[in-house]
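One structure is given here, and the rest of the page talks about it.
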2 protein chains.
Amino acid sequence: MARVLTPRAEDFPRWYQDVINKAQLADNGPVRGTMVIRPTGWAVWERMQADMDARIKAAGAQNAYFPLFIPENYLRREAEHVEGFSPELAVVTHAGGKELSEPLVVRPTSETVIGEFMAKWVDSYRDLPLLLNQWANVVRWEMRPRTFLRTTEFLWQEGHTAHATEADARAYARLIHKTVYEDFMVELLAIPVIPGRKTKGERFAGATNTMTVEAMMGDAKALQMGTSHELGQNFATAFDITYSSSAGGVQHCWTTSWGTSTRMVGGLIMVHGDDNGLRLPPRLAPVQAQVMVVKAGEGVIEAAARLRDDLAAAGVRVRLDDRADVPFGRRAVDAELQGVPVRIEVGPRDLAAGNAVVARRIDGTKAPVPLAGVVAEVTAALETDQQRLYDDALAFREAHMVDVPTLGDAIEAAQTGWARVPWSAVGTEGEAEANGKAVTVRCLVRPDGSMPDADDEPDLVAVLGRAY
Amino acid sequence: MARVLTPRAEDFPRWYQDVINKAQLADNGPVRGTMVIRPTGWAVWERMQADMDARIKAAGAQNAYFPLFIPENYLRREAEHVEGFSPELAVVTHAGGKELSEPLVVRPTSETVIGEFMAKWVDSYRDLPLLLNQWANVVRWEMRPRTFLRTTEFLWQEGHTAHATEADARAYARLIHKTVYEDFMVELLAIPVIPGRKTKGERFAGATNTMTVEAMMGDAKALQMGTSHELGQNFATAFDITYSSSAGGVQHCWTTSWGTSTRMVGGLIMVHGDDNGLRLPPRLAPVQAQVMVVKAGEGVIEAAARLRDDLAAAGVRVRLDDRADVPFGRRAVDAELQGVPVRIEVGPRDLAAGNAVVARRIDGTKAPVPLAGVVAEVTAALETDQQRLYDDALAFREAHMVDVPTLGDAIEAAQTGWARVPWSAVGTEGEAEANGKAVTVRCLVRPDGSMPDADDEPDLVAVLGRAY
């Protein structure tokens with residue numbers, strides 16, 4: 001097979017861009033740093049959205065929609081927040097044919113405008129918790145854009161909630177972090193993630209706690225796949241989100257926010273992709289099985305259509321490729337590039353023997369299967385290969401993560417993977433030193449892997465690595 | 001019952017705004033002309049999206065996503081197109097902390113940027129038809145905004161397709177117009193619509209043909225609920241979208257575009273709402289049935305929860321309202337306002353008699369029903385009331401539409417409804433005269449109601465009315 005992609009081992013970033021181009025996942029947009037998400041890429045994002053949206057609703061949050069444009073003064077109300085964003089903002093100064101009296105910011109996040117409306121909507125403790133989520137586009141001007149990972153415009157969900165107590169806000173942020181983010185990434189994306197707490201220096205502007213899910217990419221660098229923030233009463237104070245308690249007094253709410261974005265598509269590519277392209281986890285894949293007519297021949301198209309119908313009836317997301325006029329090799333390469341988990345190839349010779357060929361993208365096997373056994377073979381393969389992708393990614397991470405005792409060891413180990421090191425051996429000064437060498441503390445975890453309640457808990461472990 | 005809304009007959013526009021506020025469908029955003037879509041309103045839009053999206057996919061189109069920002073020069077390429085939009089544009093002049101060398105337009109539609117990428121993606125006849133759709137926010141600066149109907153930012157789907165022949169483009173635009181727009185509006189929204197052809201003066205900028213679906217609101221004014229355009233080779237020429245045909249020559253494609261927006265939510269309110277609030281068509285309603293605990297009492301909550309479970313098991317979208325500490329009257333008013341098709345009220349007295357009360361929002365009936373019969377009663381009511389809403393809206397339209405012979409008659413009749421008049425009695429001059437009196441030609445139809453192929457077909461009928 002002709003070489004289609006730059007090999008991963010040769011140049012990982014170029015391989016990544018090659019996969020995006022050749023699998024037709026996305027193109028660069030006309031404005032620097034923006035992207036066009038093509039149907040193949042969009043279908044993946046749409047599947048992510050559907051599954052996460054169901055999880056968000058199961059956690060009790062409701063979807064809503066807030067405006068794209070935010071008056072500039074909103075961002076100034078929370079000082080730390082505006083500092084965090086100001087160099088990244090896109091600003092509308094003209095509209096309706098004239099200059100505006102107040103410039104409008106294109107939302108970099110909807111925190112501030114949602115805060116404003118929460119203040120209007122929350123009156124008494126009966127209105128709490130208020131659990132909102134929004135699917136939207138946001139804009140943050142990127143100096144060094146990279147498709148899906150850092151784009152000037154990206155798509156995301158942002159959850160924003162208000163609670164009567166700190167304990168309730170904390171519990172809710174953790175519920176989302178576990179059931180919507182961690183479980184989704186493990187179960188659907190087949191990506192092992194480390195949930196942990198960000199250090200003070202890595203926290204979201206205005207947050208009292210930022211939790212992250214960190215995944216190891218195929219080059220052993222880290223990608224932050226999603227974050228959940230406790231905002232304490234900071235935003236509620238800045239936006240005057242108050243409630244009258246059952247006892248009668250008026251108090252500020254405790255708020256949270258949490259987000260994941262199209263960046264996850266980039267993570268998916270970098271975790272599971274190989275030198276032949278993308279490999280999609282079966283549970284996520286928009287097309288789980290592609291029935292392919294190898295070439296025209298007696299009964300071939302009919303047999304392929306029947307397999308398509310049988311697979312669809314068994315609940316498999318299946319596509320029939322009967323373009324017998326396009327060379328089979330090219331179509332097979334495209335299916336590999338796009339990461340379709342299973343191909344069922346139907347050609348005259350195999351058909352004469354009562355078989356089709358089942359080619360599995362994930363483990364690379366390819367074997368003839370009697371027609372009557374294809375559905376069972378495919379459904380079993382989809383289950384097995386979902387697990388296999390996860391196991392492979394976990395094994396890769398294990399092989400590239402070491403426990404070390406000192407900061408120096410950790411910085412060295414982080415050149416080729418992740419290092420786990422006692423947080424007491426790093427601290428804020430050590431973190432600055434590591435940052436100077438392009439190594440960051442990805443998160444803090446307890447020795448048993450659970451989520452810390454505070455930065456200063458004893459025995460915390462810091463996970464260090466290079467990151468996207 | 002205390003008066004919650006301005007009566008429709010007293011002040012229709014104020015009633016409309018009251019419904020939106022009191023049913024908590026939307027709020028005004030902080031920037032003039034923008035809106036915040038609240039969870040109750042969003043759930044309606046989400047249901048619209050889901051059904052339409054399935055129809056769009058069934059018609060063979062694929063979703064994709066194109067950037068929010070468009071370089072200003074793109075809009076200049078199709079002269080008529082930029083003229084149509086320039087006073088409505090919002091312009092980003094600063095980003096990333098400095099002034100941009102070229103201002104960016106916030107998309108008023110993605111026509112131009114999609115044209116640019118179609119040109120890249122289409123090479124040969126094998127790449128055609130290229131059938132794309134996008135769900136996105138767009139911005140058109142509104143001088144006289146009205147929630148859902150005319151907002152500076154709105155949400156929509158925009159389909160864009162490229163074809164090898166005019167006939168194929170035309171057939172596809174019609175397929176969408178019928179199966180995605182008309183059928184959806186009739187079957188899901190229970191809104192009778194008139195599909196027709198726009199006059200030359202009312203066409204989309206750059207189109208060779210614009211088809212519309214027009215609905216009559218509760219004040220007998222018209223709302224354009226969706227449009228489908230044939231763009232001829234105009235956009236393909238401006239953006240150089242060409243293909244090599246099977247015979248070998250290079251030709252320009254024929255393109256179409258088609259869109260519907262959050263404006264449909266406004267139409268839904270204005271067609272079906274009454275003096276007690278919104279009335280949602282059961283097939284569309286996010287919550288079809290609300291089981292309500294009237295007040296606490298022996299076995300009440302258990303019985304209500306059982307009914308909820310039974311209804312859910314029967315496939316009904318059901319919500320349990322067990323807030324016995326909130327006055328029942330207030331909760332019932334809220335359910336009426338939000339247009340929940342059926343309420344099932346469970347209280348101690350009825351329960352003692354083995355009954356629950358089934359209250360139907362659409363026909364206003366209310367009667368006790370034996371517990372064992374509730375599921376059957378509710379599912380039957382949902383079917384009946386879907387049809388009833390449609391029949392009522394159709395009867396209202398019939399009662400407010402007359403056939404008249406002359407333009408003068410038509411303009412007069414259009415003060416209180418719609419007039420059907422021979423297009424030959426109107427013509428371009430007559431259209432200008434009507435426009436001067438705030439009456440527009442909503443569309444042209446054939447005498448048998450079917451879609452014309454051209455403006456100059458003999459015997460066309462013009463539908464005239466006032467419009468939103």
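We name chains A, B, ... by the order of the sequence lines, and we start the count at 1 in each one.
Interface remark: M143(B) contributes side-chain atoms only to the contact with chain A (heavy atom separation under 4.5 Å). With a threshold of 4.5 angstrom between heavy atoms, L104(A) approaches chain B through side-chain atoms but not through N, CA, C or O. At a 4.5 Å heavy-atom cutoff, the contact between F69(A) and chain B is made by backbone and side-chain atoms alike.
Counting all heavy atoms, side chain and backbone alike, L89(A) lies closest to P108(A) at CD2-CG, 3.5 Å. Of all heavy-atom pairs spanning A205(B) and F235(B), the tightest one is O-CE1, 4.3 Å. Counting all heavy atoms, side chain and backbone alike, G29(A) lies closest to F117(B) at CA-CZ, 4.1 Å. Between P286(B) and V44(B), the shortest heavy-atom distance links the atoms CG-N, 3.8 Å.
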Let's go through L68(B) and L68(A) carefully: what are the C-alpha distance in whole Å and the side-chain angles of both, what is the deciding distance for side-chain contact (heavy atoms from CB on, under 4.5 Å) to 0.1 Å, and is it a yes or a no? CA-CA 11 Å; L68(B) 175 68; L68(A) 174 70; 4.0 Å; yes
Margin query: The test is side-chain contact (heavy atoms from CB on, under 4.5 Å); show your working for L131(A) and I56(A) and say whether it passes.
Written below: CA-CA 10 Å; L131(A) 310 173; I56(A) 288 167; over 6 Å; no
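Summarising the geometry, atom CZ belonging to F328(A) is positioned 4.5 Å from atom CE belonging to M292(A); distances are rounded to the nearest 0.5 Å. Considering CD1 of I241(A) and CG of L130(A), their distance stands at 9.0 Å, rounded to 0.5 Å.
When V113(A), I70(A), V106(A), L100(A) are compared by the number of non-hydrogen pairs under 4.5 Å with chain B, V106(A) comes out ahead. If you tally non-hydrogen atom pairs under 4.5 Å between each of G97(B), A26(B), P39(B) and chain A, the highest count goes to P39(B). Heavy-atom pairs under 4.5 Å with chain B were tallied for I37(A), L155(A), V105(A), L132(A); the largest tally goes to I37(A). No other option in A90(A), P67(A), A136(A) has as many heavy-atom pairs under 4.5 Å with chain B as P67(A). When each of V91(A), V139(A), I114(A), V92(A) is checked for heavy-atom pairs under 4.5 Å with chain B, V91(A) comes out on top.
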Hey, what donor-acceptor pairs show up under 3.5 Å between chain A and chain B?
from, atom 1, to, atom 2, distance (Å)
D27(A), OD2, W121(B), NE1, 3.0
I37(A), N, Y65(B), O, 2.7
I37(A), O, Y65(B), N, 2.9
E46(A), OE1, K57(B), NZ, 2.6
E46(A), OE2, N63(B), ND2, 2.8
K57(A), NZ, E46(B), OE1, 2.6
N63(A), ND2, E46(B), OE2, 2.8
Y65(A), N, I37(B), O, 2.9
Y65(A), O, I37(B), N, 2.8
Y65(A), OH, N137(B), ND2, 3.3
Y65(A), OH, E153(B), OE2, 2.4
L68(A), N, E153(B), OE1, 2.7
L89(A), O, G96(B), N, 3.1
V91(A), N, H94(B), O, 2.8
V91(A), O, T93(B), N, 3.2
T93(A), N, V91(B), O, 3.2
T93(A), OG1, T93(B), OG1, 2.5
H94(A), O, V91(B), N, 2.8
G96(A), N, L89(B), O, 3.1
W121(A), NE1, D27(B), OD2, 3.0
R126(A), NH1, D325(B), OD2, 3.1
N137(A), OD1, N137(B), ND2, 3.1
N137(A), ND2, Y65(B), OH, 3.3
N137(A), ND2, N137(B), OD1, 3.0
E153(A), OE1, L68(B), N, 2.7
E153(A), OE2, Y65(B), OH, 2.5
D325(A), OD2, R126(B), NH1, 3.2

